[in-house]
There are 2 protein chains.
Amino acid sequence: MVSAHPDAQADTRTRIVRAAATLMQRQGYEATGIKRIAADAGATLGSVYHFFPGGKQELAVEALRYGSQEFTDLLRTGLDSTDDPAEAVAECARLMAQTLRDSDWSDGCPVAATALEFIGRSPAIQLASEEALGQWRELVAVRLAAAGIPVDDARDLACTVLSTLEGAELLCRVSASEQPLRIAARHLARLIRAY
Amino acid sequence: MVSAHPDAQADTRTRIVRAAATLMQRQGYEATGIKRIAADAGATLGSVYHFFPGGKQELAVEALRYGSQEFTDLLRTGLDSTDDPAEAVAECARLMAQTLRDSDWSDGCPVAATALEFIGRSPAIQLASEEALGQWRELVAVRLAAAGIPVDDARDLACTVLSTLEGAELLCRVSASEQPLRIAARHLARLIRAY
DNA sequence: GTCTATACCTCGATAGAC
DNA sequence: GTCTATCGAGGTATAGAC
């Protein structure tokens, strides 16, 4: 039998988390209803509460972790694409730009929209967001340090790399243009080469 | 008579817009209820719909424009603080960090949270967000060009300045730390000095 | 212009059969 | 584990007196 839903091969719990992650990435937490998540996942409301008795917030935390891993994969791909660390970071920006364009400016950072809705209002969600950002920063920092940049400089650079990528992505999505990430790629590469 | 509300001296319409701008800046559009806006503004629901017959979305557009002007003022203060363009941009980052800390990481970019909720879902709100970001970028570009940086370079630099400030602010808010903006200040200054 | 009351709807969450 | 039916709360928006 062929299912009407894209992720039919995965188990129900996974499909629910994926649907939640996608919707929250695109429109944030508050605009995303549980009924819609269930429908997109090809599951019923009962199943959602079966797997996530803690309700929407518990599911959201799981969705943030899931999306965080996907973004980690994208970063790893970019960072491992070449020996030159400056070029590797630029490649991350290009990968993000391409992913955004291919998804009609929908598939960006999986935590930004939700994180901004909950600053100071939900420890669980804020912590999950902080862990995601921290993990990405660490990934970049390790890559830069491996290229010979002093560890402290690498950590600071990684922070700015992440800041710039996040902000450029916001600008890209709002203006429906790849330009901010393309420009960020050039500037970040220049910044890194200065070390 | 002394009012219980902070903006009692302003007219009702202005108080409503201010309250909406503040709430949307802190938690986005969807989490912000009209009843709460009215209460914070010291107005009634009837007044809100009297001034904004188009409802919540019409009010949101006005709130974004209002917040946009406030952020423009902050940028102008930073950009005019010194002759050195690199130092001026760094000062913007420091002003943002200070504002964030003073508000318990609440008062950041007035459009980011709302904009991310509406990418591709509301032309009116997306346009208002795009206009705000474009205005800020133009402000920075003009300042850099005035310092002698070639116009095309200034425009690209302004784009990255804005990207980095926006992203660093996200990181600051999520991690409840000034560090990302402090680091961004240093890196942006270095990037600008290279021209 | 301001206010109260309320209509109408959708939300998150629950209950209980299967 | 999955499903349907439904509850209560809270949302936006409206009506109409003042």
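The figures that follow rest on heavy atoms only: side chains count, while hydrogens, waters and symmetry mates do not.
Under 4.0 Å is where a charged nitrogen must lie from a carboxylate oxygen, and between B:Glu87 and B:Arg94 at least one such pair does.
Residue-environment remark: CZ (B:Arg121) exceeds the threshold of 12 foreign heavy atoms within 6.0 Å. Within 6.0 Å of atom CZ in B:Arg36, 12 or fewer heavy atoms from other residues, nucleotides or ligands are found, so the atom counts as exposed in its surroundings.
Nucleotide C:dA15 holds its P atom 13 Å from the CG atom of A:Leu45, rounded to whole Å. Atom NZ in B:Lys35 sits about 12 Å away from atom C1' in C:dC8, given to the nearest Å.
Hydrophobic clustering places A:Tyr195 together with A:Leu162 (ILVMFWY residues linked when any side-chain heavy atoms are closer than 4.5 Å, directly or through intermediates).
For B:Ala147, the side-chain contact (heavy atoms from CB on, under 4.5 Å) test picks out B:Pro85, B:Arg143, with sequence neighbours left out. With sequence neighbours left out, the side-chain contact (heavy atoms from CB on, under 4.5 Å) criterion links B:Leu45 to B:Ile34, B:Lys35, B:Tyr49. With sequence neighbours excluded, the residues satisfying side-chain contact (heavy atoms from CB on, under 4.5 Å) with B:Thr77 are B:Leu95.
The span of DNA chain D lying next to chain B, judged by atoms under 4.0 Å from heavy atoms, is bounded 5' to 3' by D:dG11 to D:dT14.
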For residues 150-161 of chain B, dump all side-chain donor-acceptor pairs below 3.5 Å to protein atoms at least two apart in sequence or in another chain.
unit_1   : atom_1 : unit_2   : atom_2 : d
B:Arg155 : NH1    : B:Glu138 : OE1    : 3.0
B:Asp156 : OD2    : A:Arg186 : NH2    : 3.0
B:Thr160 : OG1    : A:His187 : ND1    : 2.5

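Of the residues near DNA chain C, A:Gly46 and A:Glu30, the one whose nearest nucleotide (by heavy atom distance) lies more toward the 5' end is A:Glu30.
If you check residues 49-58 of chain B against DNA chain D, the residues with a heavy atom closer than 4.0 Å are B:Tyr49, B:Gly55, B:Lys56, listed by number.
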